[in-house]
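Here is how names work: the chains are called A, B, and so on, in the same order as the sequence lines, proteins then strands, and each is numbered from 1.
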Number of protein chains: 2
Amino acid sequence: MAVTIKDVAKAAGVSVASVSRALNGRDNVTDETRHRILDAASKLRYRPNDAARSLITRRTRTIGAVLPDLHGEFFSELIRGIDVAARAQGLHLLVSSSHGDADEATAAIRSMQGRVDGLLVMSPHVDASFLHESLPEALPAVLMNAPPEPSRFPTLNLDNHGGAFAMTRHLLARGCRRIAMIGGPAGNLDADERRRGWLDALAAASLARDALLLDGDFSEESGHAAGLRIAALARRPDAVFAANDMMAVGCLIALAEHGVHVPGEIALAGFDDVPIARYVTPQLTTVRVRIADLGRAAFNRLVAELEAPGTLPVRSEVLPCEIVVRASSGTT
Amino acid sequence: MAVTIKDVAKAAGVSVASVSRALNGRDNVTDETRHRILDAASKLRYRPNDAARSLITRRTRTIGAVLPDLHGEFFSELIRGIDVAARAQGLHLLVSSSHGDADEATAAIRSMQGRVDGLLVMSPHVDASFLHESLPEALPAVLMNAPPEPSRFPTLNLDNHGGAFAMTRHLLARGCRRIAMIGGPAGNLDADERRRGWLDALAAASLARDALLLDGDFSEESGHAAGLRIAALARRPDAVFAANDMMAVGCLIALAEHGVHVPGEIALAGFDDVPIARYVTPQLTTVRVRIADLGRAAFNRLVAELEAPGTLPVRSEVLPCEIVVRASSGTT
DNA sequence: CTGAAAGCGCTTACAG
DNA sequence: CTGAAAGCGCTTACAG
């Protein structure tokens, strides 16, 4: 049915070996032969069969991305970053979500095995040890937002600690002294690091003793709940640093509902710089993370591994964050 | 190196044919043999080679999604919808963006050929005729947001016209008489249909004569520019209907900058119901489109085609929209 | 430089 | 029910 390498060979009056060589740009073909072959191929609209090629080359020219979710600004931006980099290399992108579940992540990894040359895995869980069991020894992989410690894989992380530290310093510089944090979900590395950054900055200012930490899970609702608790406090903090933007937004809404003025009575900051941060009133001070860069950097690290297997040091890289000061921590 | 079907056959003391049969759940294998084979396979951690399997079955168990972009709430939600449906069917998802460019879309389609069993293509351009040239005859495909007219492919569209019509009626019911529209990019089908819905509703109320249409391109900036023009108008409209939410948001900001009160002086509505719509002040009235449903419906249509090639009628379906009334068109 | 042949790892008629 | 064999469409030593 479909046109194969044999048809091209016949049409060009050469062997399939020559067709293969010509099409793959080998130099051991005469220009004249190559020309005749290319001609025949294009005339027949020949497309090499990828499965056959993969079977023999053991390459799929595809990389897989296993992410906790595919939804929301964060992942959307991450996928975009990976896609752009992949296109530039002529590689295909297979995506799958694990819904933050270790079993689903394992299943996704298993099902991608054999279909990809390498894997990009995001797993922001403290206990990511299952990754080392799930990931086949032979499959190159790069981890994102994963514990850098005991890894056979290169790991890329955002500088959560540095970003949170810098943001807390900003709030201190603005004059805040009682800086509460709304934390992220238990067992989430990003959340842990952000909390640590906040606490370290407070400690450096000798303000860590009565630091107020409120529970949260990265959802807007949990931020709203935390905001309600804060509004009800006899002695309120003078600043609230939420471990992500959506919680900051929820908190902002709760405070507004209770007539607590931001930033007049309480300064507010988030983390991520999602688009919504610029649209709430007042606009939200936050930590910007260049998510697409994270995707691109992880992809490039993986490609490097693919091109020179086992030659690069397995190390952990950290991508910087920057604080973005807006009205919610302004001096109004 | 890797363990193949031969190794399993050897370990189980049977032929590779039997292994293949047992693993593929054929019934012409004794329970005892099957058991022995499954045992050996799991003991050896056997994983069938997908390339070899594809080569002979001519199935990849993968579907491709070619979208204008992978970025932003809309596409993120769409990919999520497709991914969830694909997982349920045990199919893999290959993604690629075309950046709204016909050549890139063609390239993406070409490069996916042979790697996927079917294609989901979104191409909201009036001139989508290139699709019919790019898409191989033999490759099942479902189009989204594409002209339903002269298509050999099933097509799924949002009810842009119905949504815009309903929204305009809502604004009329609220008492607005001079309802301007900020239009979308030229040649974009969704934008065209929304404009048509607006105009038809005005015509039905005999208000189409001096209908004011302002240029826009779906970007927030273009909405802002339109807002500035509106603010400067001697005789302002009493309502503005933006062809998407981001333009409505841009317009809202421009009006606020010029002290024009929404909804007091001008009611405002958008289209899409992106998350930001709920966070601006006042919250934005808009048309909700269930994007994940669009992805899921398109996927299911494709799967139906894959399972029973050529038996389903090639028709165009339209997914309903609903209007969501919020403060920006409230009676304040 | 070119071709004949082997082989990648599967599946599936075809015999038995 | 089971196995030997052919074949899917490529690539790559190996000869010449």
With distance as the sole test, does R34(A) use its side chain to make a donor-acceptor pair with the main-chain N or O of A22(A) at under 3.5 Å?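 Present.
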Look at the side chain of S20(B) and the backbone N and O of V16(B), then say whether any donor-acceptor pair between them is shorter than 3.5 Å.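 Side chain of S20(B) to backbone of V16(B): no pair is present.
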Would you tell me whether [X] and [Y] have side-chain atoms, one donor and one acceptor, within less than 3.5 Å of each other?
X       : Y       : answer
S316(B) : T155(B) : no
T60(A)  : D117(A) : yes
S76(B)  : S76(A)  : no
S97(B)  : D83(A)  : yes

Grab the [atom1]-[atom2] distance between [X] and [N] for me, whole Å please.
X      : N       : atom1 : atom2 : result
D50(B) : dC10(C) : CG    : C1'   : 11 Å
L44(A) : dG9(D)  : CG    : P     : 14 Å
R34(A) : dG3(C)  : CZ    : P     : 14 Å
K6(A)  : dC8(D)  : NZ    : C1'   : 10 Å
L55(A) : dC8(D)  : CG    : C1'   : 9 Å
R58(A) : dC10(C) : CZ    : P     : 9 Å
R59(B) : dG9(D)  : CZ    : C1'   : 19 Å
R36(B) : dT2(D)  : CZ    : C1'   : 11 Å

Protein-proximity profile, nucleotides 11-16 of chain D, B/S/- by nucleotide at the 4.0 Å heavy-atom cutoff, equals BBB---
State which of dC8(C), dC10(D), dC8(D) makes the closest approach to the side chain of N49(A).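 Of the options given, the side chain of N49(A) lies nearest dC10(D).
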With respect to the phosphate group of dT2(D), does any side-chain polar atom (N or O) of T33(B) fall under 4.0 Å of OP1 or OP2?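 The answer is yes; a side-chain N or O of T33(B) sits under 4.0 Å from OP1 or OP2.
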Within the pair S15(B) and dG3(D), is there a side-chain N or O less than 4.0 Å away from OP1 or OP2?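 So the side chain of S15(B) is within the cut-off, an N or O lying under 4.0 Å from OP1 or OP2 of dG3(D).
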Give one of base, sugar-phosphate or nothing for R47(A), where a contact means two heavy atoms less than 4.0 Å apart.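 Result for R47(A) = sugar-phosphate.
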Using both distances under 3.5 Å as the test, list the Watson-Crick or G-U wobble partner of dA4(D), or none.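 Looking at the geometry, dA4(D) pairs with no nucleotide.
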Watson-Crick or G-U wobble partner for dA13(C), using a 3.5 Å limit on both distances?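 Base-paired to nothing in any strand shown.
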Are R115(A) and T62(B) close enough, and set up right, to give a side-chain hydrogen bond (donor to acceptor under 3.5 Å, both in side chains), and what steps lead you there? CA-CA 10 Å; R115(A) 316 186 81 101; T62(B) 302; 3.0 Å; yes
